[in-house]
There are 2 protein chains.
Amino acid sequence: MPQVAERQKPKRATTERRTHRLIGSKTPMATGTLGKALAVLDIIAQAPVPLRFTDVLRQSDQPRGTLHRQISHLVEEGLVTVNADHSYTPGIRLLKLAARAWSQNSIRSIAEPHIRALHEHTGETVHLGILNDLEVIYVDKIESRQSVRMHSQVGNASPLYCTGIGKAMLAVLPPQEASARAQRFSYRQHTPTTLASPALLLAELEIIRSTGISHDREEHEPGIRCVAASICSATEEQVAGISVTAPAYRTSKETIAEWEQLVPATAKAIEADLNDQIGPRAGQ
Amino acid sequence: MPQVAERQKPKRATTERRTHRLIGSKTPMATGTLGKALAVLDIIAQAPVPLRFTDVLRQSDQPRGTLHRQISHLVEEGLVTVNADHSYTPGIRLLKLAARAWSQNSIRSIAEPHIRALHEHTGETVHLGILNDLEVIYVDKIESRQSVRMHSQVGNASPLYCTGIGKAMLAVLPPQEASARAQRFSYRQHTPTTLASPALLLAELEIIRSTGISHDREEHEPGIRCVAASICSATEEQVAGISVTAPAYRTSKETIAEWEQLVPATAKAIEADLNDQIGPRAGQ
DNA sequence: AAATTGAGTTCCATTAAATGGAACTTCACG
DNA sequence: CGTGAAGTTCCATTTAATGGAACTCAATTT
């Protein structure tokens, strides 16, 4: 059949078209080969102890043969390391990739001098976090004393509803989006003061919206308080937040009052730098 | 055709069989879907500035349509973030994955108290690195003063031939393996003292093998010296190394002599802990 | 304003890879 | 030893990736 030029038929008759979802989709299931591989990697990475093949098999819903091949691909690529006893741990190639992700992150590099200054003024631990669906991922931290546990925090994720930065970021989202996410949390009463329901959380967000300041009143860890504020670029493509954290006994009324000035001021300064950077030379 | 049980034909006639390569293969080309995706991710991650679609296209050898789909999969999975100007940066999901890889790494967690003690004794910066093909990937660092640049180092990679830890690790590999790798480096004369040829390097390795101590005599960065030693588990599945680093003006003959005792002793202590951990309860 | 260029995106027949059920191998334990 | 559980390999079938070309959109040029 030598008829060639027969491509331009519109074919738009079928109403249902696979629409692209760039935001908000709730990951119904791992999509595509890459998604499935990462689902397996997630299982291996988030386990507290190294898993063996059968352990992974139980948690994934893949057939044995399929899973075996998927894992061996992950091992080939260095994303997973296999130990002597056939257990699996995340591979160091992830560290190398993340080092780039960290150093290149524009919010982080722009915020760095500001959070350092904030640390100088307060003497307490300062965090920078980025919004990631229902979590805040901490991308930087400046700690007072020891550098102990420095890394244990960077890269870690916490739920939005019980952290100062998390609530601050939720509060700057469009209200409908914020309440949609509020419904999706798996609430846990970490402490007596945790806001462990959508209603409590949404009421708190109202207050945060009006003041521009978010408080963590020992809602995540007993004895730990913080003052936070959100950062969002003009285009709203990325939302972040900063906080000053301290043990409760060190947070007098006067100290908190001072932080309530410093933290939002720092957040606004970072926002300004961020927009300066994006505006003039977007293509650079 | 209802004949069913017809599976056990040996079919071993074909001599060429796809042999598994678990070690040593020189990554001739990205294999499989996952490998291709990671090749693209590598391009995006290792660029000093965010790349646009066409920039990535130039560096990868994929057709436009293919590359476009590959990148959108990476974006869907959160491994890559797309900026307002259509440029790409590595995504924060990598940070989250790496945090697990870091905290779970057994060598790192076992070595931590030891390198901390080493830092206490010397007062200088201490590194822990892991062997990764032709590179050392730094997985931990304890620094004297500022926590500045703390993270810029963890996850970073350096060539084996011009670093103290790198040479120490090369020296404990089987000699044939060490010389094979020595041929594969792209040597660069970072400083006047860099050992920038296989011959020079292999001679140095002989010395390191006999003493168990590796020196970096300003071979990577001018004015920076270090003393290093290797760590390898009994099963030799993983090879690592530690080092004490300082500016040259602070490294007197006596200081170096002291480190030449401390560093190998610490390395041996870590080795012992490592084997204790692996031996008794391998399946845990 | 119309034409041109270049970047980014979508489409779909072809092709390559992933799938998964079952057979096979290896090891630990009673 | 045998017995079972864990790990590995195989291959016909199914599914997803491929890549060339057409298409869209915006910025420049004529």
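Here is the naming used below: chain letters follow the sequence lines, and residue numbers restart at 1 for every chain. Treat the numbers as computed from the prediction; the structure is a model and nothing was measured. Values reported hereafter were calculated over all heavy atoms of this structure, with side chains retained and with hydrogens, waters and symmetry mates removed.
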Counting only side-chain nitrogens and oxygens, does [X] get under 4.0 Å of the OP1 or OP2 atom of [N]?
X: B/His68; N: C/dT9; value: yes
X: B/Thr33; N: C/dA18; value: yes
X: B/Thr54; N: C/dG6; value: no
X: B/Gln62; N: D/dA17; value: no

- With B/Leu97, the side-chain contact (heavy atoms from CB on, under 4.5 Å) member among A/Leu94, A/Leu97, A/Leu79: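 Running side-chain contact (heavy atoms from CB on, under 4.5 Å) over A/Leu94, A/Leu97, A/Leu79 with B/Leu97 returns exactly one hit, A/Leu94.
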Between [X] ([atom1]) and [N] ([atom2]), how many Å, whole number?
X: A/Gln70; N: D/dG7; atom1: CD; atom2: P; result: 16 Å
X: B/Asp85; N: C/dG6; atom1: CG; atom2: C1'; result: 16 Å
X: A/Leu57; N: D/dA6; atom1: CG; atom2: P; result: 10 Å
X: B/His73; N: C/dA17; atom1: NE2; atom2: C1'; result: 14 Å
X: A/Arg64; N: D/dA6; atom1: CZ; atom2: C1'; result: 8 Å
X: B/Leu34; N: D/dA16; atom1: CG; atom2: C1'; result: 14 Å
X: B/Leu67; N: C/dG8; atom1: CG; atom2: P; result: 10 Å
X: B/Asp61; N: D/dG20; atom1: CG; atom2: P; result: 12 Å

- Ring centre gap for A/Phe53 and A/His86 strictly below 6.0 Å: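 For A/Phe53 and A/His86, the ring centres are not under 6.0 Å apart.
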Among [options], which is the nearest nucleotide to the side chain of [X]?
X: B/His86; options: C/dT19, C/dA17, C/dG8; result: C/dG8
X: B/Phe53; options: D/dG19, C/dG8, D/dA17; result: C/dG8
X: A/Pro63; options: C/dG20, C/dG8, D/dA16; result: C/dG20
X: B/Tyr88; options: C/dT9, D/dA17, D/dT8; result: C/dT9
X: A/Arg69; options: D/dA17, C/dT9, C/dT19; result: C/dT19

- Item | DNA chain C: 5'-proximal contact among B/Gly65 and B/Arg58 (nearest heavy atom) |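 Taking each residue's closest nucleotide, the earlier one in sequence belongs to B/Arg58.
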- Just wondering, are more than 12 heavy atoms of other shown residues or ligands nearer than 6.0 Å to CZ in A/Arg188?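 No, because the 6.0 Å sphere around CZ of A/Arg188 holds 12 heavy atoms or fewer from other groups.
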- Neighbour count >12 (heavy atoms, 6.0 Å) for atom CD, B/Gln183: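 Yes - once you tally the heavy atoms of other residues, nucleotides and ligands closer than 6.0 Å, there are more than 12.
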- Task: Looking at every strand, decide which applies to A/Thr66 at a 4.0 Å heavy-atom threshold: base, sugar-phosphate, or nothing.
- Result: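 Base contact.
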- Message: Checking B/Val80 against B/Val40 for the side chain to side chain contact (heavy atoms under 4.5 Å, CB included) test, could you report, in this order, the C-alpha distance in whole Å, the side-chain angles of both residues, the deciding distance, and whether it holds?
- Response: CA-CA 10 Å; B/Val80 163; B/Val40 174; over 6 Å; no
